[in-house]
**Student:** 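Below are the structure tokens for one structure; questions will follow.
All values derive from a computational prediction rather than experimental measurement. Every number for a ligand or one of its atoms is a count from 1 in the order of the listing.
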Amino acid sequence: MQTQTAQQAAEAAMQPTGAIEIDSARLTDELTTLAGFTSIEPSPLGTAVTRVVFSPDDLRARAWLKSLALAEGLAIREDAVGNTFFRLPGSDPDLPAIATGSHIDAIPHAGMYDGTVGVLGGLEAIRAIKRSGVHPRRSIELVLLTSEEPTRFGIGCLGSRLISGTLDPSRADALHGAQRGSEDETLAQVRAAAGFTGPLSSVRLAPGHYHAWVELHIEQGPLLEREGIPLGIVTHIAAPAGYRFTIEGFGGHAGALLMPDRRDALCAAAELILSIERHALATGVIDTVATVGTCDVYPGAVNSVPSRVTLQLDIRDTEPARREGVMQAVRRDIDAIRARRDVRVSEALVNADEPAACSPHIVAVIDEVCRGFGIAPKHMVSRAYHDSLFMAQVAPIAMVFIPCRGGVSHRPDEYAKPADIALGARVLAASLGRLATE
Ligand code: GLV
Ligand code: MN
Ligand code: MN
């Protein structure tokens, strides 16, 4: 029998990809199992999922995922904020690895595909690479990132922000609960209770830590389905910003406080919300979007005039300057609302992030993989944000999008077809496999 030379072994390892096959039935089953880790009862109308970071359901889901990874023989590392790294070692384990990943936390009343397709699809991609018999040169890592959703602490992408150094570790630990009734808890307390200890400064990874990062995700928009294209490759991710407004007026008895004497904080907040909508529309550009998604009214009784309201605003654009232009116009309206209604309005910046550009090289690799599978992918902008926005600071990145029904996301009726999910995972696997040979 001939022995393989080092050269032949290297060439064998560098074979692009053997037969990369995805076990679609298993992937669908695992997505369904993961959707069962929810604090909302599964409903006959759709799979409503609520999995807030570090809730008992999130922790149970993490434990289950670790059991799957252990069964695959992947090495596991958890950092101080709960980012979890599952590694398939390459034949040259000292080289910067190739990584993929996403999140498993879900906003209240979410669907079952946002984030989870990237995590379980990433795991299935790694299994497919193993099954194909190719031994990758670079290690391949699946990363579960903590709190992509801003539900619990008011700021999204906590794990990837800390990895990239975008969020100061002491500011992060001092973040307070953003949901009503959770204002007294801090990230420091909550993560310690969940078993994640150590300084948050240790979460940071150096630029260049990964050779490449590719995230698989549902599109969360209608374009792929509308155009009948089974797969998208993201070239840019739009820039999100978050603000918190507190409006303080004067409260009192709903019967006794006379209308001419009122300084109703909720009426002032209503004007502010409409001003935001008006100015976002006024850019005339489809890429400007602004949403006030929470409104917390104090004291919150039907027979009490609201004295204080807190609003959270999410505003995004592909151009940060245009986003800021909307904010400036809103601030002018705030001055007028203040004067007319005799209320106090304060604004706190939660985050204002830059857009990210994907790596032309990784985009080209994914494009080539798609064409090898007979698919002409759509190159597109992501209007949703993703952990990839921050991973872009420690690695060249790209994202693979699959269609979702009606473009619906962040709702229980979010749906992606098993065949599209399997195709996305297959393209992901083949792309990771190729990148791992570089
Ligand atoms: C991510 O969940 C986003 O809101 O874009
Ligand atoms: Mn989401
Ligand atoms: Mn997501």
**Student:** Are the aromatic ring centres of His379 and Phe401 under 6.0 angstrom apart?
**Tutor:** no
**Student:** Among all protein heavy atoms, pick the one closest to atom 2 (O) of ligand 1 and tell me residue, atom and distance.
**Tutor:** Glu149 OE1, 3.1 Å
**Student:** Return yes if some donor-acceptor pair links the side-chain N/O of Glu414 with the main-chain N/O of His410 below 3.5 Å, else return no.
**Tutor:** yes
**Student:** Begin from the C-alpha positions of Ser139 and Arg87 and carry the test side-chain hydrogen bond (donor to acceptor under 3.5 Å, both in side chains) through to its verdict.
**Tutor:** CA-CA 7 Å; Ser139 301; Arg87 177 174 278 237; 3.2 Å; yes
**Student:** Non-hydrogen atoms of His410 versus ligand 1: any pair closer than 4.0 Å?
**Tutor:** yes
**Student:** Could you tell me whether the Mn ion (ligand 3) has an N, O or S atom of His103 under 2.8 Å away?
**Tutor:** yes
**Student:** Should Gln220 be counted as touching ligand 1, given the test is an N or O pair under 3.5 Å?
**Tutor:** no
**Student:** From the options Glu148, His217, Arg316, select the one whose nearest heavy atom is closest to atom 1 (C) of ligand 1.
**Tutor:** Glu148
**Student:** Give the numbers and elements of all ligand 1 atoms closer than 4.0 Å to a heavy atom of Ala384.
**Tutor:** 5 (O)
**Student:** With no hydrogens and no angle check, is any side-chain donor or acceptor of Arg191 less than 3.5 Å from a backbone partner on Ala80?
**Tutor:** yes
**Student:** Which N/O/S atom belongs to His217 and is the closest one to the Mn ion (ligand 3)?
**Tutor:** NE2
**Student:** Could you check whether the rings of Tyr415 and Tyr113 sit parallel, tilted or perpendicular, using 30° and 60° as the cut-offs?
**Tutor:** perpendicular
**Student:** Examine all N, O or S atoms of Asp114, backbone included, and report whether one is under 2.8 Å from the Mn ion (ligand 2).
**Tutor:** yes
**Student:** Hey, is CG on Asp335 packed in by over 12 heavy atoms from elsewhere, all under 6.0 Å?
**Tutor:** yes
**Student:** Can you give me the closest heavy-atom contact between Ala239 and Pro320, atom names plus distance?
**Tutor:** CB-CG, 4.3 Å
**Student:** To the nearest 10 degrees, calculate the angle at the Mn ion (ligand 2) involving OE2 of Glu149 and NE2 of His410.
**Tutor:** 110°
